[in-house]
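Note sheet for the following structure.
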Amino acid sequence: MTDVLRLGVNIDHVATVRNARGSGYPDPVRAALLAAQAGADGITAHLREDRRHITDDDIARLVAELTVPLNLEMAATDEMLGIALRHRPHAVCIVPEKREERTTEGGLDAAGRFDLLAPMVERLAANGSRVSLFIEPEARQIDAAVRLGAPVVELHTGLYCELAGEAQVAELRRIADAAALAAKNGIEVHAGHGLTFDNVTPIAAIPQVRELNIGHFLIGEAIFDGLGAVVQRMRALMDEAR
Ligand SMILES: CC(=O)[C@@H](O)[C@H](O)COP(=O)(O)O
Ligand SMILES: NCC(=O)COP(=O)(O)O
């Protein structure tokens, strides 16, 4: 019996719609509570330096009101470290960030930024948050995660989602090999970015993967079918894959 595969719903783009007009709706916290009721095992929220979607107030309200664990995504900056230490979320996932990017473009260079990350990982863990590193599915990055003492890595699935045919199969193999290597080294494996109903199954079928974080697609589909229904459908696809 493989462990249950958890679904983390990323609510960033509920805030994107809200911020389009500076209104109070749609409320990301309301979306988070609804997603939890529909079967989400956790909520992911990315507090970006430019606050283009999730705001500091959203994080404060999520911490106060969520009924499932919060996974706070953040860049490796002193500002974000201070916010994470103050709120002490269940989990913190350190992600790369470029102000000019439309969305995350790749994994964190944990190997190249080792000296910057080491004290940050240590302080977040000592503060009681489960630290995750959002990385490319590469042995070099997994080795860095081991040396940093990160208990979790989230493997970037964006390239897999963009590719097709043999190239996508090769990227899936790369992700599966990275998941096996990370698990062999005692690291819990998560995956995310760009996942949809159509491409989730092969990722969900990787036995070492314990959590998927999925957002943009679900929020888009919710416009047509409602957030509860699309969360339930993604949950069912993930369960069928195991
Ligand atoms: C790290 C990752 O892939 C996402 O969780 C991230 O939040 C994407 O950024 P946007 O939500 O701003 O598109
Ligand atoms: N870390 C991945 C995540 O939280 C959601 O990514 P996406 O589904 O919005 O691309």
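Remember, it's a predicted structure, so these values are computed and weren't measured experimentally. Both ligands and their constituent atoms are indexed starting at 1 by order of listing.
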Problem set entry | Protein residue, atom and distance nearest to atom 10 (O) of ligand 2, heavy-atom basis | G194 N, 2.8 Å
Exercise. Which residue and non-hydrogen atom of the protein lie closest to atom 1 (C) of ligand 1, and at what distance in Å?
Worked result: T104 OG1, 3.4 Å
For this session: Using a 4.0 Å heavy-atom threshold (strictly under), name the region of N213 that reaches ligand 1: side chain, backbone, both or neither.
Result: neither
Exercise. Looking at ligand 1, does H53 have a heavy atom less than 4.0 Å from it?
Worked result: yes
For this session: With salt bridge (charged side-chain N to carboxylate O under 4.0 Å, His left out) as the test, would you mind laying out the steps for R51 and E79 before giving the verdict?
Result: CA-CA 13 Å; R51 280 44 170 204; E79 179 196 20; 2.8 Å; yes
Exercise. Does the side chain of L227 reach to within under 4.5 Å of the side chain of Q37, using non-hydrogen atoms?
Worked result: no
For this session: Please confirm whether E73 comes under 4.0 Å of ligand 1, counting heavy atoms of the residue only.
Result: yes
Problem set entry | Within one Ile-Leu-Val-Met-Phe-Trp-Tyr cluster: L85 and L116, side-chain cutoff 4.5 Å | no
For this session: For T44, take its heavy atoms, then give the atoms of ligand 2 lying under 4.0 Å from any of them.
Result: 4 (O)
For this session: Would you please test R86 and D56 for salt bridge (charged side-chain N to carboxylate O under 4.0 Å, His left out) and show each step?
Result: CA-CA 12 Å; R86 186 163 70 251; D56 300 68; 5.3 Å; no
Exercise. If you count the atoms of ligand 2 from 1 in the order shown, which ones are under 4.0 Å from a heavy atom of N10?
Worked result: 3 (C), 4 (O), 5 (C)
Exercise. If you measure from each non-hydrogen atom of H13 to ligand 2, which part falls under 4.0 Å: side chain, backbone, both or neither?
Worked result: neither
Problem set entry | Numbering as shown, the atoms of ligand 1 that approach N10 to under 4.0 Å (heavy-atom distance) | 5 (O), 7 (O)
Problem set entry | Backbone or side-chain N or O of G192 under 3.5 Å from ligand 2 N or O | no
Exercise. Which atoms of ligand 1 sit under 4.0 Å from any heavy atom of D12?
Worked result: 7 (O), 10 (P), 11 (O)
Exercise. Relative to ligand 2, is E73 under 4.0 angstrom through side chain, backbone, both or neither, heavy atoms considered?
Worked result: side chain
Exercise. Would you say the side chain of H190 lies within less than 4.5 Å of the side chain of V152, judging by non-hydrogen atoms?
Worked result: yes
Exercise. For the hydrophobic clusters of this structure (ILVMFWY residues joined by side-chain heavy atoms under 4.5 Å, transitively), does one cluster hold both L218 and L66?
Worked result: yes
Problem set entry | Sub-4.0 Å heavy-atom contact, H156 with ligand 1 | no
Exercise. Just which atoms of ligand 1 are under 4.0 Å from any heavy atom in F134?
Worked result: 1 (C), 3 (O)
Exercise. In terms of hydrophobic clusters joined by side-chain contacts under 4.5 Å, are V95 and I142 together?
Worked result: no
For this session: Could you check atom 9 (O) of ligand 1 against the protein and tell me its nearest heavy-atom contact, residue, atom and distance included?
Result: R48 NH2, 3.2 Å
Exercise. Is a side-chain donor-acceptor pair under 3.5 Å present for N10 with T44?
Worked result: no
Exercise. Against heavy atoms of I214, which atoms of ligand 2 measure under 4.0 Å?
Worked result: 8 (O)
Problem set entry | Heavy-atom nearest neighbour of atom 3 (C) of ligand 2 within options N213, V9, T157 | N213
For this session: Ignoring angles and geometry beyond distance, decide whether T44 reaches within less than 3.5 Å of ligand 1 through its nitrogen or oxygen atoms.
Result: no
For this session: Measure the distance from atom 13 (O) of ligand 1 to every protein heavy atom, then report the residue, atom name and distance (to 0.1 Å) of the closest one.
Result: T103 OG1, 2.6 Å
Problem set entry | Close side-chain approach of F217 and L195, heavy atoms under 4.5 Å | no
Problem set entry | Contact (N/O only, under 3.5 Å) between H216 and ligand 2 | yes
For this session: Give the residue and atom name of whichever protein heavy atom lies nearest to atom 3 (O) of ligand 1, and the separation in Å to one decimal.
Result: H193 ND1, 2.5 Å
Problem set entry | Beyond-backbone contact of H53 with T16, side-chain heavy atoms, under 4.5 angstrom | yes
For this session: State whether the side chain of N19 and the backbone N or O of R52 hold a donor-acceptor pair below 3.5 Å, judged by distance alone.
Result: yes
Exercise. Between R102 and ligand 1, is there a nitrogen or oxygen pair with a distance under 3.5 Å?
Worked result: no
Exercise. With a 4.5 Å limit on heavy-atom distance, are the side chains of Y160 and P202 in contact?
Worked result: yes
Problem set entry | Intermediate values then yes/no, salt bridge (charged side-chain N to carboxylate O under 4.0 Å, His left out), R48 and E73 | CA-CA 8 Å; R48 283 181 168 266; E73 288 185 336; over 6 Å; no
For this session: Check whether L159 and L172 end up in the same hydrophobic cluster, where Ile, Leu, Val, Met, Phe, Trp and Tyr are linked by side-chain heavy atoms less than 4.5 Å apart.
Result: no
For this session: Pick one of side chain, backbone, both or neither for how H216 approaches ligand 1, counting any non-hydrogen atom pair under 4.0 Å.
Result: neither
Seminar exercise, completed: Looking only at non-hydrogen atoms, the one of H46, E154, H190, H193 nearest atom 1 (N) of ligand 2 is E154
For this session: Please confirm whether G215 comes within less than 3.5 Å of ligand 2 when only nitrogen or oxygen atoms on both sides are compared.
Result: yes
Exercise. Ignoring hydrogens and geometry, is there a side-chain-to-backbone donor-acceptor pair from E188 to P151 under 3.5 Å?
Worked result: no
